[in-house]
Amino acid sequence: MRLDNMLLAEGVSRPERRGRGGPVAAANTATPGGCSNDNSLEHSDYRAKLSQIRQIYHSELEKYEQACREFTTHVTNLLREQSRMRPVSPKEIERMVSVIHGKFSAIQMQLKQSTCEAVMTLRSRFLDARRKRRNFSKRATEVLNEYFYSHLNNPYPSEEAKERLARKGGITVSQVSNWFGNKRIRYKKNMGKFQEEATIYTTKMAVGGLGSQASCPSTPSSGE
DNA sequence: TGATATGATTCGAG
DNA sequence: CTCGAATCATATCA
C-alpha cells in the first residue's frame with residue numbers, strides 16, 4: 001500500500017492533470033537554491049514524460065481489471081454449470097472469486113512497482129541539480145577567489161561572510177559553502193596547479209586594497 | 001571526442 | 001550542523 005501512496009504523491013494515479021503541479025517538485029530535503037527561477041522549460045519535459053508513464057499505467061491497469069472481470073465471470077459460469085452435476089455452495093464460489101482477485105492484484109502490484117521505479121528514475125534524471133550545472137558568473141568566482149586567497153590561512157568563512165559573498169556574487173549561501181568545500185580540498189590536493197591563480201588574486205587584492213577601484217580598468221565588475 | 005574543470009551530492013566523522 | 005573525501009554529472013577545452 002506504500003506504492004499506492006507513492007504513485008498518488010507523484011501524480012501518476014491522479015484522476016486529472018488539471019493545474020496544481022503540487023507535491024511533485026517540493027519533496028526535496030534542502031534544494032540548495034539551484035532551482036529558483038528556471039522551472040518552466042525542464043518541467044514541461046518532465047511533465048510530458050510523467051504523463052506518458054501515467055497513461056501507460058492507466059491503460060495497463062484497465063486491461064488487468066477487464067481481464068480480471070472476464071475471468072471471474074467465466075469461472076462463475078463454469079461453477080454454475082457444475083452446480084447441475086454436484087452441489088456447489090455459494091461459499092465455494094466466493095472463495096474462487098477471492099482467489100482470482102488476489103492473483104490479479106498481485107500482478108497489479110508489480111505494475112505499480114515498476115511504474116514507481118520509472119517515476120523515480122525520471123525524477124532523479126530531471127530534478128537532480130547536477131544535471132543542469134552551470135558555471136558561476138565571472139563576478140561570482142572573482143569574489144569567491146578573492147576571499148579564498150586573502151584568507152588562505154583560514155579559508156572558512158563565517159555564516160555572515162558567506163551571506164555577504166553570496167549576495168556579492170549573485171549566488172546562494174549553499175553554493176558558497178559548496179564552492180569553499182570544493183576549493184579547499186582541491187587546492188590542498190595540488191597547490192601547484194593553483195599557484196598562477198593564487199598570485200593573480202593576491203596581487204589583485206594588493207592593488208585593489210591600496211587604491212579602491214576608482215581607476216582600475218581591469219575590473220569589469222559585470223561578467224556573464 | 002577524450003581530458004580536464006567545476007558545481008553538486010553523498011557518506012562518515014566529529 | 002559542518003567538515004573532508006570520494007564521487008557524480010555536466011561544461012568547457014584542445
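Letters A, B, ... are given to chains in the order of the sequence lines, protein chains preceding strands, and every chain is numbered from 1.
Taking atom CG on A:N182 and atom P on B:dA5, their separation rounds to 14 Å, with Å as the unit. Across the protein-nucleic acid pair, A:I185 atom CD1 and B:dA8 atom P stand 16 Å apart, rounded to whole Å. Put simply, CG on A:N135 is 5 Å from P on C:dT12, counting in whole angstrom units. The distance from atom NZ of A:K138 to atom C1' of B:dT6 is 14 Å, rounded to the nearest whole Å. Residue A:R133 contributes atom CZ, which lies 12 Å from atom P of B:dA5 at whole-angstrom precision. When the P atom of C:dA11 is taken as reference, atom CZ of A:F136 falls 14 Å away, rounded to whole Å. To the nearest angstrom, P of B:dA8 lies 11 Å from CG of A:L144. The nearest whole Å value for the distance from the CZ atom in A:R186 to the P atom in B:dG7 is 8 Å.
Remark: A:K183 is not in phosphate contact with B:dT6, judged by side-chain N or O atoms under 4.0 Å from OP1 or OP2. For C:dA5, the OP1/OP2 oxygens have a side-chain nitrogen or oxygen of A:K188 closer than 4.0 Å. Contact annotation: A:R134 reaches the phosphate of C:dA11 (side-chain N/O to OP1 or OP2, under 4.0 Å). The phosphate of B:dT4 (OP1 or OP2) has no side-chain N or O of A:K193 nearer than 4.0 angstrom. OP1 or OP2 of B:dA8 lies within a sub-4.0 Å distance of a side-chain N or O belonging to A:Q175. A close approach under 4.0 Å does occur between a side-chain nitrogen or oxygen of A:Y156 and OP1 or OP2 of C:dG4. OP1 or OP2 of B:dA8 lies within a sub-4.0 Å distance of a side-chain N or O belonging to A:N178.
Residues meeting the side-chain hydrogen bond (donor to acceptor under 3.5 Å, both in side chains) test with A:K162, sequence neighbours left out: A:S177. With sequence neighbours excluded, the residues forming a side-chain hydrogen bond (donor to acceptor under 3.5 Å, both in side chains) with A:N77 are A:R80, listed by chain and number.
Using a 4.0 Å cut-off between charged side-chain N and carboxylate O, A:E197 and A:K204 make no salt bridge.
Of the possible donor and acceptor atoms, one in the side chain of A:S158 sits under 3.5 Å from a partner among the backbone N and O of A:A161.
The aromatic rings of A:Y187 and A:F148 stand perpendicular to each other, their planes meeting at an angle above 60°, with 30° marking the opposite boundary.
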